[in-house]
4 protein chains.
Amino acid sequence: MKEKIIEVSIGMFGQNGFTETSIQDIVESLGVTKGTFYYYFKSKEELLMEIHLRYIDDLLQSQKEILETKNSSEQKLYDIVYMIMKHIEGHGQSARVFFREMQHLNEEHLDDIFHKRDQFRKNMNQAIQEGIDSGEFRQDLNVEIVSLAILGAVNWSYHWFDPKGKLDEKAVSTIYIDFMLNGLKST
Amino acid sequence: MKEKIIEVSIGMFGQNGFTETSIQDIVESLGVTKGTFYYYFKSKEELLMEIHLRYIDDLLQSQKEILETKNSSEQKLYDIVYMIMKHIEGHGQSARVFFREMQHLNEEHLDDIFHKRDQFRKNMNQAIQEGIDSGEFRQDLNVEIVSLAILGAVNWSYHWFDPKGKLDEKAVSTIYIDFMLNGLKST
Amino acid sequence: MKEKIIEVSIGMFGQNGFTETSIQDIVESLGVTKGTFYYYFKSKEELLMEIHLRYIDDLLQSQKEILETKNSSEQKLYDIVYMIMKHIEGHGQSARVFFREMQHLNEEHLDDIFHKRDQFRKNMNQAIQEGIDSGEFRQDLNVEIVSLAILGAVNWSYHWFDPKGKLDEKAVSTIYIDFMLNGLKST
Amino acid sequence: MKEKIIEVSIGMFGQNGFTETSIQDIVESLGVTKGTFYYYFKSKEELLMEIHLRYIDDLLQSQKEILETKNSSEQKLYDIVYMIMKHIEGHGQSARVFFREMQHLNEEHLDDIFHKRDQFRKNMNQAIQEGIDSGEFRQDLNVEIVSLAILGAVNWSYHWFDPKGKLDEKAVSTIYIDFMLNGLKST
DNA sequence: TATGAATGAGCTTTCATTCAT
DNA sequence: TATGAATGAAAGCTCATTCAT
């Protein structure tokens, strides 16, 4: 039941927004009553936190596995970008909730999530730094800002990426990486 | 008074969110009553639309001026990126509202805004295409996706950019452009 | 202007109801502002009272003229019925307002109107009594109740009478009177 | 609880009017909170509809039973008149609400009620027609108009009938019927 | 005569949450 | 595990009215 609540909530939060979705809406779509909801969750916010945690923990775990390999920095970068895109493709509504409804967490939870997002970003920084150190990437990069640019470009995809569109998440990732590695300029 | 309402609303919507800010909060912060609010706005949503319109219309206008120059594509790209960053720097809360609270517009208004955002994106596409045609940019770029990547990277800045931080909007723009033109790879 | 306000108010009160029609609605339909309204009327209720007064005073005056003639009771009865019907035909919305929105008058005004409606009813009683005394009407009638029945039947017409319908107010009055004088029973 | 809400609402709507009675007034008189009201009714209008439905359905049912008997038309007419009067006597406030507050139903509900009131009227027409066909009533009656006159006379009673007055509903009904059958004219 | 800005009280409705069963 | 009745606080919005100009 708890899983079912989370599942339909993600769908409804993603579609209509956190504030716009009432507990009533959620339980009605499951054919149960509000009491049931409060048996499994202390509050609406706790449900939102659970959704956030699952998303970011999953991302962090995948990122960790990628970073622990012996692959080239270029490959690692590609793997991370593709992994995020794969998440957006496979859990599109989760991504929407994660990127859009964070503000509705309470302070404590927000701190927790913020810290984890920061960790994700720092891991990204590190991957880029490694590429610089190994000579794969340019020496004169501002790691912090470039990292934010890459994350921004990829994360932004949740706004427009359509799993049923012309290009799948793999194709988009490939274009992203080519752009990020080689830039726009003709040589 | 209308201007004052818009002004404080942007601040409060940006800080606490559209749904979390009540009309009561807004008018209290101005020392007037709810009736006053509804004298100037038919609904809370109408106020939100006004904020959106001002933001996107301003952006489109600035973009148009940039595109109408005879500058190189590289320069135009820089100018657009810097212009967006300048907006985020100068109207940070507006940007937050614009990028985050769009969902609370009604269908008709959403259509309008969506159409304008699309226009902005298409103008961006065109700028890149011109660069390709003139030989400044690589021939093998996927214009649509690259354009989305650039916009994503720059727009995302509203999440983290701090006007009082170490780097100002000009420095960030420069780093962005360098990254976008030349990529990460060492040569 | 005062006349115009009364005129459109009758239309709007009749169509949509007194409470459902706002001052704003009224002044907007005249292209003026609320201040103007309050220049001519102390309150919304005062406007309603004015409408009521015009209606009942008109009715009372017409009734008086009919009763002062030397006509037969039958004729007088017919004239009164026809006169009410004529009012409903010609001032349909006024009738609606008069019969339906009385409750929104304040106590003092309500008293006044009530007293005048009562006067109208008593004059009716008197007409019937005269008919009885002269032998035109049956001796065993309960004047009070019969009078209320007649007024009920005629007044009720405002619910359904359609000036553009098959029967005009004259035809309906004739049928009413025939029914009231001769009853249903076959002889 | 739902019953209690309906009960006190009828009283308050009848006394002070639908618009003049707030949900607050209703729940306060029951010692509960507004939330409770909305647990049982989707809206104030829905409550009004429920009151209307109960009234008209009850009336239609009683009318049906009367019409299905083998009684004379005269008797049926008396029974219907008496039945309506009995309703006005016993559910005076309901009658007030029913006849006066109909306008506050929404379009869909209004249609429904209107249709049922029309059915009641048509059944009345039919009863009169049967009397004509059987020879009890005059051949030259305009059934539609006479029927409306009778209903008007009886329904109007809700304006003035006082259960504690000199004449009870039975006495009034008897006077009504005598008047309707035999008319005013002396013979 | 008329305007327009502002008020303030009140309205219907929503909703997260509680709790006895 | 789950229900269903009830709460209470707050929300968006309406509107008759006032008043300086």
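Every chain is numbered from 1, with letters handed out A, B, ... down the list of sequences. A quick note: this is a predicted structure, and the numbers were derived from the prediction, not measured.
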* Below 4.0 Å: OP1/OP2 of dC11(E) and any side-chain N or O of S22(D) -> yes
* Does a nitrogen or oxygen in the side chain of T36(C) sit under 4.0 Å from OP1 or OP2 of dA2(E)? -> no
* **Of the listed nucleotides dC13(F), dA6(E), dG4(F), the one nearest the side chain of S43(B)** => dC13(F)
* Asked: Atom CE of M12(B) and atom P of dA11(F): how far apart are they, to the nearest Å?
  -> 11 Å
* **Interatomic distance where CD belongs to Q24(B) and P belongs to dT14(E) [whole Å]** => 20 Å
* **V32(B) or K42(D), whichever maps to the more 5' nucleotide of DNA chain E** => V32(B)
* Length of the CZ-P vector between F18(C) and dC15(F), whole Å -> 12 Å
* **Side-chain donor/acceptor of K44(C) to base of dT17(F), under 3.5 Å** => no
* Asked: Taking only side-chain nitrogens and oxygens of Y40(C), does any of them come within less than 4.0 Å of OP1 or OP2 of dA2(E)?
  -> yes
* Going by an N to O cut-off under 4.0 Å, is there a salt bridge joining E3(A) and R54(A)? -> yes
* Verify the distance criterion only: is there a donor paired with an acceptor across the side chains of H109(B) and E46(B) at less than 3.5 Å? => no
* Asked: Just how far, in rounded Å, is C1' of dC11(E) from CD1 of I26(D)?
  -> 12 Å
* Asked: Which residue lies toward the 5' end of DNA chain F, G35(C) or T21(C), if each is placed at its nearest nucleotide?
  -> T21(C)
* Taking atom P of dT18(F) as reference, at what distance in whole Å does atom OH of Y39(C) sit? -> 16 Å
* Kindly state whether the ring of Y55(C) and the ring of H87(C) have centres lying under 6.0 angstrom apart. => yes
* Asked: In the strands shown, is dA9(E) matched to any nucleotide by a Watson-Crick or G-U wobble pair with both distances under 3.5 Å, and which?
  -> dT14(F)
* Would you call the rings of H52(A) and F98(A) parallel, tilted or perpendicular, where under 30° means parallel and over 60° means perpendicular? -> tilted
* To do: Could you check which nucleotide pairs with dT17(E) in any of the strands shown, counting Watson-Crick or G-U wobble with both distances under 3.5 Å?
  => dA6(F)
* Asked: Roughly how many Å is it from CD1 in I23(C) to C1' in dA2(E), rounded to a whole number?
  -> 16 Å
* Asked: Between dA2(F) and Y38(A), is there an OP1 or OP2 to side-chain N/O distance shorter than 4.0 Å?
  -> no
* Rounded to the nearest angstrom, tell me the gap between atom CZ in F37(A) and atom P in dT18(E). => 12 Å
* Asked: More 5' along DNA chain E: K34(C) or E45(D), using each one's nearest nucleotide?
  -> K34(C)
* Asked: Does CD belonging to Q61(B) count more than 12 external heavy atoms closer than 6.0 Å?
  -> yes
* Calculate the interatomic distance between E20(D) atom CD and dT12(E) atom P; express it in whole Å. => 11 Å
